[in-house]
Amino acid sequence: MEKQTLIFIPIPAAGHHASMVEMATRLLHHNPIFSATILHIPFHDFPLPSSSTSNPNNLSFHELPHLEPPQPNPNETYSVYVSLLVQLYKPHVKEAISALSGDVLVIDFFATTLIDVADELGIPTYIYCTSNAAMLAVMLHLPILDEEIHQDFEELEQDLIQVPGLPLISPRSLPESIASKKMQSYAWYLYHGRRFLEARGIIVNTFIELEHATLRSLSKRITNIYSIGPILSMQKRENYRHECMKWLDEQPEKSVVFLCFGSRGRFGEEQVKEMAGGIERSGKRFLWVMKGLEGMLPEGFEERNRKNGVVWKESVPQVEVLSHRAVGGFVTHCGWNSVMESLWFGVPMMTWPLYAEQHMNAWLMVKEWGVGVELRVERAGGVVIKKEEIENGVRCLMEESNVRVRVMEMKSVCRSAVNDGGSSFASFEGLVKDMFLVKARLKSRRGEQLHVIKGLE
Ligand code: UDP
C-alpha cells in the first residue's frame with residue numbers, strides 16, 4: 001500500500017512539542033501506512049529535543065533554518081511572539097513539505113497562518129489543540145463575542161459571559177491574552193479562532209467524559225472534531241532514575257505533596273517566602289520544584305525540613321513523579337498537560353493558575369469537574385497569597401476526600417477512554433480513517449486532473 005506522509009508542526013514550547021510528538025507516534029503505531037516528519041522551528045530557549053530510542057523509526061525530525069526572530073514585546077503574551085514567529089516560516093515550511101512530499105499537515109493551534117501553505121500545496125490541514133475543548137470553544141466564539149461586546153473583558157469584571165458549551169464564565173477566568181481588545185494577543189486569538197473553521201479537522205487533547213457538553217456544542221460548528229486524549233508524553237530516559245525518585249521511594253504512600261509549575265512558572269521573592277511558610281506550617285512532606293529559587297527561601301528552610309521535604313531547583317521528570325505511590329497531591333499551575341497527567345495517575349490537585357488559559361482550567365477543575373482544591377489567585381497578578389491560605393489549601397488537598405474520590409473516578413474513566421472500545425480510541429480511529437480518506441480523495445482528484453490534461457494534449 002502506498003505510504004502516507006504526515007507533516008507535524010508544533011510551536012517551540014515544551015508542552016506543545018512533546019504532546020504533538022506523542023500524538024504523531026500514536027498515529028504511526030496505529031497504522032503502518034503513515035510515516036511522519038516533525039518540522040522543528042528553532043528557538044533559542046528550545047533546541048531540537050534529541051530523538052529518543054522509543055520513537056518509532058518512521059518518525060523523523062527536520063530542523064527548519066534559523067531566522068531572525070520577531071522582537072519580543074514584554075507587554076504581550078507568548079502567544080503573540082509565537083504566532084509571529086510561525087508566520088515567518090511560511091516559505092520554509094512550504095519548501096520542506098514539498099521536498100518531503102507531505103500529504104497531510106497537522107499544526108499547533110497557534111500556527112494557523114500555515115493553513116495558507118497547505119492550501120497552496122493542495123493538502124488538508126488538521127489543527128491540534130494541546131489544550132482542552134473549553135479553550136477551543138472560547139477561541140472559536142471570540143469573533144462573535146467581539147461583535148457583541150464592545151468593552152474590554154477586563155472592564156466587565158462583574159458580568160458573566162456565555163460561551164456555547166461552557167457554564168457562564170467570569171471574564172476573570174478567561175485567558176489573560178484576551179483581557180483587553182487593545183492587546184495584540186487579542187487580535188491573534190481572534191485570527192486563530194476564525195481560521196479554525198478552515199481546517200479539515202480539529203484534534204483536541206481531552207476526552208468526552210470530561211468535557212461532554214463543550215465537545216457536543218463544538219461538534220455543531222465543526223464536523224470533524226476528534227477528542228483523543230489524554231495524550232501524555234511518557235518518554236523515559238533509559239537506565240536513568242532522577243535523584244528525587246530515590247527520596248520518594250523512602251516516603252509513605254500518598255504522603256507527599258508535589259509542587260511544580262510548568263516550564264515557565266516563576267514567583268517573586270515575597271511569594272516564595274509565603275509559599276515556604278505555608279508548606280512548612282502544613283506539616284506535610286513535600287517535593288517542591290521551582291527554577292530560580294536561589295537566595296529566595298527563608299533562612300534555614302532547607303535545613304529545618306531536610307527530613308520532611310526536598311526543594312529541587314531544576315526540572316524533574318514530572319510524569320514519573322506523579323506516577324509514584326508516595327505522591328498524594330499536586331499543587332499545579334494548571335497547564336493542560338499537567339492536568340491530564342495528574343488525572344491519569346489519580347492525583348488530586350490544588351489550583352495555582354499563572355498564565356495562558358490556566359485560570360479557566362482552574363475554574364473548571366474546581367467548579368465543574370471536582371478534581372481540584374481551590375486556591376484563590378487573581379489573574380491580574382500582583383497579589384501575594386498568604387502562607388495561611390497556602391497552608392489551608394495544602395491540608396485540604398492532602399486530606400479532603402471528595403476531590404480524591406472524584407480524581408480516582410477520572411483516572412479510571414480516562415484510561416478506559418483511550419483503550420480499545422473507549423471514546424477517545426473511537427475518535428482516534430475516526431481521525432485515522434479521515435486522514436486516509438482525504439488522501440484517497442485527493443489522489444483521485446489529482447488523477448482526474450492529470451487525465452484532463454492528458455486529454456488536452
Ligand atoms: N514538566 C516536567 N518537569 C518539570 C516541569 C514540567 O516534566 O519540572 C513537564 C510536565 O510533565 C508537562 C510539561 O512539562 O508535560 C508542562 O506542560 P504544561 O501544559 O503543564 O505547562 P506549560 O509548561 O506548557 O505551561
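All ligand and atom numbering here is 1-based and tracks the order in the structure. As a basis for the values below, the full set of heavy atoms in this structure was taken, side chains included, without hydrogen atoms, waters or symmetry mates. Bear in mind the structure is a predicted one, so any value in this text is a computation, not a measurement.
When each atom of ligand 1 is checked for a heavy atom of H333 under 4.0 Å away, the hits are 20 (O), 21 (O), 22 (P), 25 (O). Close approach of ligand 1 to G262 is summarised as follows: ligand atoms under 4.0 Å from at least one heavy atom of the residue are 23 (O). The Q358 neighbourhood of ligand 1 comprises atoms 25 (O), with distances under 4.0 Å to a heavy atom of that residue.
Under 4.0 Å from ligand 1, the heavy atoms of C260 that appear belong solely to its side chain. With a 4.0 Å cut-off on non-hydrogen atoms, H16 does not touch ligand 1 at all.
The 12-atom threshold is exceeded at CD of E294, counting heavy atoms of other residues, nucleotides or ligands nearer than 6.0 Å.
In terms of heavy atoms, P10 sits closest to I41 at O-CD1, 4.4 Å.
Donor-acceptor pairing under 3.5 Å is recorded for the side chains of S338 and Q318. For the residue pair S60 and T37, a side-chain donor N or O sits within less than 3.5 Å of a side-chain acceptor on the partner. At a cut-off of 3.5 Å, with distance as the only test, no side-chain donor of E22 or S233 sits close to an acceptor on the other residue.
For ligand 1, the polar-atom distance check against S338 finds a nitrogen or oxygen pair separated by under 3.5 Å. For ligand 1, the polar-atom distance check finds an N/O of V316 within less than 3.5 Å of one of the ligand's N/O atoms. Here's the thing with R264: none of its N/O atoms is less than 3.5 angstrom from an N/O atom of ligand 1.
Nearest to atom 23 (O) of ligand 1 by heavy atom, out of S342, C334, S263, is S263. Of all the listed residues (N337, T332, N361, L354), N337 holds the heavy atom that lies closest to atom 19 (O) of ligand 1.
Counting only heavy atoms of the protein, atom 6 (C) of ligand 1 lies nearest to Q318 OE1, 3.8 Å. Looking only at protein heavy atoms, the nearest one to atom 12 (C) of ligand 1 is E341 OE2, 3.5 Å.
Taking a cutoff of 4.0 Å between a charged side-chain nitrogen and a carboxylate oxygen, E302 and K313 qualify as a salt bridge. Checked for salt-bridge contact, E198 and R195 meet the test: a charged N lies under 4.0 Å from a carboxylate O.
Ring-centre distance between Y128 and F196: not below the 6.0 Å cut-off.
Using 4.0 Å as the threshold, F261 has no heavy atom nearer than that to any atom of ligand 1.
Atom 14 (O) of ligand 1 is never approached by the protein to below 4.0 angstrom, counting heavy atoms only.
Note on ring orientation: taking the six-membered ring where Trp is involved, the planes of H16 and F109 are parallel (angle under 30°, cut-offs 30° and 60°).
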